[in-house]
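Data block below; observations after.
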Amino acid sequence: MPAARDDYIMRMIQQAAAAIRRFRARLGSGDAVEDVKREAGEAIATLLGPQRAMLERLDGWSAANLLGDPERAYLWGELVRLQADLERAAGHDTLADTLDARAAALARHGKPLPRTDGE
């Protein structure tokens, strides 16, 4: 069953990457920040699964290593960066700075997906 698990994880990663692109596009078109914020949180929950609560308590390096999947760590970092941008737009600079630092830590230990959509 390892191949089926790998396929599932790859589909989940691809869905998260597509969600990030959609969220960014929605922000550019003026969609409600709260809606995008809620959906970004849901995307993180899907990406991390039942380990979410534990992973979010750890520092970026520990969380990325425990996650064990550099692509998922990278996408999680991108979703956290999106959350930081949303908080900064709402005037919550301190929270945005904290989220930016976490996103940077996850990105350092993550690995971007190869582009397959011609971008």
Measure across [X] and [Y] and return the closest heavy-atom pair with its distance rounded to 0.1 Å.
{"X": "L47", "Y": "W76", "answer": "CD2-N, 3.5 Å"}
{"X": "A73", "Y": "L106", "answer": "O-CB, 3.7 Å"}
{"X": "R102", "Y": "D59", "answer": "NH1-C, 3.8 Å"}
{"X": "A103", "Y": "G77", "answer": "CB-O, 3.3 Å"}

Does the side chain of [X] reach to within under 4.5 Å of the side chain of [Y], using non-hydrogen atoms?
{"X": "T98", "Y": "E87", "value": "no"}
{"X": "L99", "Y": "R81", "value": "no"}
{"X": "L67", "Y": "H109", "value": "no"}

In Å, rounded to the nearest 0.5 Å, how long is the span from OG of S62 to CE of M54?
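Nearest 0.5 Å value for the OG-CE distance: 11.0 Å.
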Hey, what do you get for CZ (R72) to CG (L48), rounding to the nearest 0.5 Å?
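Between R72 CZ and L48 CG, I get 6.5 Å after rounding to 0.5 Å.
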R88 vs D97, test: side chain to side chain contact (heavy atoms under 4.5 Å, CB included). Steps then yes/no.
CA-CA 8 Å; R88 196 168 312 285; D97 290 345; 3.0 Å; yes
Are L75 and W61 connected, step by step, through hydrophobic side chains (Ile, Leu, Val, Met, Phe, Trp, Tyr) whose heavy atoms are closer than 4.5 Å?
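Hydrophobic grouping puts L75 apart from W61.
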Salt bridge (charged side-chain N to carboxylate O under 4.0 Å, His left out), that's the test. Do E42 and R38 meet it? Break it down for me.
CA-CA 6 Å; E42 291 169 2; R38 178 182 44 78; 3.2 Å; yes
